Amino acid sequence: MPDEEVDDAVEAGLPLEAPETPTLEILRHSAAHLMAAAVVELFPGAQYDVGPSIQDGFFYNFQLPDGATFSETDLARIEARMQELVKKRIPFEREVLPREEAGALFAELGQDFKVDIIDRMPDSVDRVGIYRTGDFVDLCRGPHVRDTGKLKATRLLRVAGVYWRGDERNQQLQRIYGTAWFSREELDAYLERLAEAERRDHRRIGRDLDLFSVSEELGGGLVLWHPKGGLIRGLIEDHWREAHRRGGYEQVFSPHIAQRTLWETSKHVDFYAESMYSPMDVDGRPYQLKPMNCPFHILIYKDRLRSYRELPIRLAELGTVYRYERSGVLHGLLRVRGFTQDDAHIFCRPDQIEEEIGRVVDFSMEMFRTFGFDQVSIYLSTKPEKAIGSDEQWRAAEAALERQLRNRGIDVVINPGDGAFYGPKIDMKVHDALGREWQCATVQFDFSQPENFGIEYIGEDGDRHRPVMVHRALLGSMERFFGVLIEHYAGHFPLWLAPVQCVVATVQDDVPAVVELGEGIASRMAAAGLRAEVSAKAGERLGARIRDAKLQRVPYIVVVGAKDVERGDDVVSLEDTRRGTKGEAVAVDELIARLRTEVEEKRPS
RNA sequence: GCCGACGUAGCUCAGUGGUAGAGCAGCCGCCUCGUAAGCGGCAGGCCAAGGGUUCGAAUCCCUUCGUCGGCUCCA
């Protein structure tokens with residue numbers, strides 16, 4: 001998220017010329033000014049706050065007089081006015097004013113936000129830059145394009161309510177988002193990208209492919225996995241379990257509720273209360289739906305005395321947790337109130353911690369590759385405001401995490417203050433087919449819980465020592481990962497995950513020998529462990545069967561008809577819907593062998 | 001939770017004050033057809049819920065619930 005304050009918190013600099021070849025960022029920032037100019041003309045008395053360029057576009061925050069708000073129909077009017085200003089080729093003119101003069105100027109214009117920004121500038125600032133575009137004047141560092149004529153490929157996209165200075169205790173402003181490009185063609189390409197993202201929307205595909213549902217009747221943020229979605233989840237989980245066994249993890253299970261005292265010990269009650277559901281009464285004692293799995297794994301660790309020889313102990317669980325999320329944030333599978341984390345907690349000696357972190361990073365990269373994610377961005381989050389543990393502990397842990405990443409030649413982005421309350425974390429975001437980043441894996445160093453629960457091990461020296469703990473999820477949650485996977489593949493799952501791997505479409509549906517041939521092929525495939533279905537419903541043409549199978553994203557379609565029955569050579573016509581080949585003559589046995597190989601290799605697409 | 005938009009059949013959507021519609025899906029027939037939709041029929045709606053205005057409300061107003069786009073927050 002851009003720092004809204006930075007872009008317009010202008011300091012006086014040298015006079016800037018409009019660059020010969022403006023960057024997209026400059027173009028978009030200029031487009032933001034243009035939009036603000038149009039808004040101020042159309043909505044007298046509107047105050048403007050900040051308007052930076054952002055990824056793919058720009059926004060500007062406004063406050064309309066008398067608490068008025070923009071509605072989406074206003075966008076067309078504003079855009080039309082912008083177009084007029086574009087035609088006039090109004091120059092962007094820079095001036096540098098003494099600070100007091102600028103303050104007086106904006107005060108006179110009734111632009112309180114600008115006055116406020118000037119007031120907040122450090123004392124060292126004595127001159128500030130402003131830009132004029134016709135009658136519109138804005139506090140701004142620049143640079144800008146030469147004139148508004150450069151801003152032809154601009155489109156306003158949506159309005160949003162936002163909190164002043166990003167703090168929800170503050171008043172709400174109106175924000176308009178837009179996008180701007182050098183050319184009409186680039187703008188169209190961008191809009192097409194948005195349309196493609198919409199076509200890939202996992203909620204859309206989830207319904208079309210009958211994978212999952214969420215419903216009002218059930219309750220927001222709660223997911224029903226339908227048979228096909230459930231099948232895919234099961235396959236993902238099978239792979240996950242197998243990988244974890246090989247990776248030295250031991251699978252455990254824990255209940256969905258526990259006594260509230262457990263959450264008091266873990267300090268979740270203190271630090272995580274707003275995400276936890278109200279306690280329920282069990283025999284007069286408060287119990288709590290679990291928002292995290294860690295305390296359970298700690299209890300497993302703690303159930304008996306541990307030796308240094310046992311460490312590291314890696315306890316993994318597909319643990320379903322429940323967290324209160326505010327109604328406005330719920331979103332399909334990506335943001336829900338009940339979800340299953342692919343969780344694990346690693347208990348180890350301090351001397352093992354770095355190696356363990358490195359292992360987890362390698363392990364997750366391998367896991368992502370299996371699902372077709374080759375590119376991953378890595379973020380390191382440091383101590384937040386609300387945290388337990390000393391600054392020294394935090395700094396040491398942060399350094400350990402960073403060292404392991406750097407050792408692997410990984411570029412790390414630091415997110416200051418974004419860690420969990422019990423320790424710093426590494427977040428891994430996968431890049432999908434459209435280049436979008438999705439938060440999946442998180443690796444969190446935790447030096448607090450071992451203390452909270454007083455867990456120990458007996459060291460080589462015979463004394464008791466405190467283990468350290470790494471909390472990690474790779475896929476993140478089954479729900480979110482599934483949503484991301486759907487969008488990444490646009491529903492075209494790799495063969496090993498495809499709910500139906502092959503449809504055997506019959507040409508005729510009323511010729512018993514043809515239907516029998518189709519059914520025979522499907523059952524041979526089923527016997528070989530493949531998921532095949534016959535499409536022979538009465539009243540449909542072959543074209544309709546093919547179409548249905550393709551809309552259902554079935555990877556392979558076999559066509560059989562009367563001619564195949566006559567020939568009797570066990571060779572069928574194969575269509576590979578992902579590669580777009582059709583009419584390939586292939587023997588059924590060979591087909592089965594081919595698909596089995598593809599499944600066994602878990603070929604990612 | 002906040003700002004905006006939207007809630008009409010399983011799905012996608014028409015319908016802006018005067019008797020609720022279409023396409024797809026479903027069901028029933030007819031056609032037996034070779035690589036993305038054959039043809040015909042039937043059935044399907046308390047127009048999100050509640051309240052109001054009106055002779056009359058899917059349509060106008062209010063409230064609630066939900067969904068969507070953002071904000072804040074997050075796996």
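Any value given below was found using the heavy atoms of this structure, including those in side chains, with hydrogens, waters and symmetry copies removed. Chain naming here is simple, since letters A, B, ... match the order of the sequence lines and numbering starts at 1 in each. Quick caveat, the model's predicted, so the values are computed rather than measured.
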**Message:** Does the plane of the ring in Tyr422(A) sit parallel, tilted or perpendicular to the ring in His471(A)? Use 30° and 60° as the thresholds.
**Reply:**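 Taking His471(A) first and then Tyr422(A), their aromatic rings sit tilted (interplane angle of 30° to 60°).
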**Asked** How are the rings of Trp225(A) and Phe482(A) set relative to one another: parallel (under 30°), tilted (30 to 60°) or perpendicular (over 60°)?
**Response**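 Geometry flag for Phe482(A) against Trp225(A): parallel rings.
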With hydrogens left out and only the distance checked, is there a donor-acceptor pair under 3.5 Å joining [X]'s side chain and the base of [N]?
{"X": "Arg480(A)", "N": "C74(B)", "result": "yes"}
{"X": "Tyr163(A)", "N": "G1(B)", "result": "yes"}
{"X": "Asp564(A)", "N": "G34(B)", "result": "yes"}
{"X": "Arg335(A)", "N": "C73(B)", "result": "yes"}
{"X": "Arg541(A)", "N": "C31(B)", "result": "yes"}
{"X": "Glu325(A)", "N": "A75(B)", "result": "yes"}

Should [N] form a Watson-Crick or G-U wobble pair with both distances under 3.5 Å, which nucleotide is its partner?
{"N": "G1(B)", "value": "C71(B)"}
{"N": "G21(B)", "value": "C13(B)"}
{"N": "G34(B)", "value": "none"}
{"N": "A48(B)", "value": "U64(B)"}
{"N": "G26(B)", "value": "C42(B)"}

Could you tell me how far apart [X] ([atom1]) and [N] ([atom2]) are, to the nearest whole angstrom?
{"X": "Gln341(A)", "N": "C74(B)", "atom1": "CD", "atom2": "P", "result": "14 Å"}
{"X": "Gln55(A)", "N": "G70(B)", "atom1": "CD", "atom2": "P", "result": "13 Å"}
{"X": "Leu64(A)", "N": "G4(B)", "atom1": "CG", "atom2": "P", "result": "11 Å"}
{"X": "Leu542(A)", "N": "U32(B)", "atom1": "CG", "atom2": "P", "result": "16 Å"}
{"X": "Arg207(A)", "N": "C68(B)", "atom1": "CZ", "atom2": "P", "result": "11 Å"}
{"X": "Arg326(A)", "N": "G1(B)", "atom1": "CZ", "atom2": "C1'", "result": "5 Å"}

**Prompt:** Phosphate oxygens OP1/OP2 of C68(B): is one of them under 4.0 Å from a side-chain N or O of Arg203(A)?
**Reply:**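 Checking Arg203(A) against C68(B): at least one side-chain N or O falls below 4.0 Å of OP1 or OP2.
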**Message:** Just N and O in the side chain of Lys582(A): are any of them under 4.0 Å from OP1 or OP2 of A36(B)?
**Reply:**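 For Lys582(A), the contact criterion (side-chain N or O under 4.0 Å from OP1 or OP2 of A36(B)) is met.
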With rounding to the closest Å, how many angstrom separate the [atom1] atoms on [N] and [M]?
{"N": "G70(B)", "M": "G45(B)", "atom1": "P", "value": "35 Å"}
{"N": "U12(B)", "M": "G26(B)", "atom1": "C1'", "value": "16 Å"}
{"N": "C61(B)", "M": "G4(B)", "atom1": "P", "value": "15 Å"}
{"N": "U72(B)", "M": "C3(B)", "atom1": "C1'", "value": "12 Å"}
{"N": "C46(B)", "M": "U8(B)", "atom1": "P", "value": "13 Å"}

**Message:** Of the listed nucleotides (A75(B), U12(B), C71(B)), which one gets closest to any side-chain atom of Gln444(A)?
**Reply:**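 My answer, after comparing the listed nucleotides, is A75(B).
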**Message:** Just to be sure I understand the rule, does Lys429(A) reach a base, reach only the sugar-phosphate, or reach nothing, if contact means heavy atoms closer than 4.0 Å?
**Reply:**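 No contact at all - Lys429(A) keeps every heavy atom at 4.0 Å or more from the nucleic acid.
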**Request:** Using a 4.0 Å heavy-atom cut-off across all strands, classify Arg169(A) as base, sugar-phosphate, or nothing.
**Result:**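 Nothing, no heavy atom under 4.0 Å.
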**Asked** Which is it for Asp210(A) and Gln552(A) under the side chain to side chain contact (heavy atoms under 4.5 Å, CB included) test, yes or no, and what are the steps along the way?
**Response** CA-CA 9 Å; Asp210(A) 197 15; Gln552(A) 286 297 307; 5.7 Å; no
**Prompt:** Using centres under 5.5 Å plus planes under 30 degrees as the test, is Tyr177(A) stacked with G70(B)?
**Reply:**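 Stacking between Tyr177(A) and G70(B): absent.
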**Request:** State whether Phe43(A) and Arg77(A) meet the cation-pi test: NZ (Lys) or CZ (Arg) under 6.0 Å from the six-membered ring centroid, and within 45° of the perpendicular axis.
**Result:**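 Pair Arg77(A)/Phe43(A) counts as cation-pi.
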**Request:** Determine, using ring centers only, whether Tyr48(A) and Phe62(A) are less than 6.0 Å apart.
**Result:**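 No.
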**Message:** With no hydrogens and no angle check, just 3.5 Å: does a side-chain donor-acceptor pair link Ser477(A) and Thr340(A)?
**Reply:**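 The answer is no; no qualifying pair exists.
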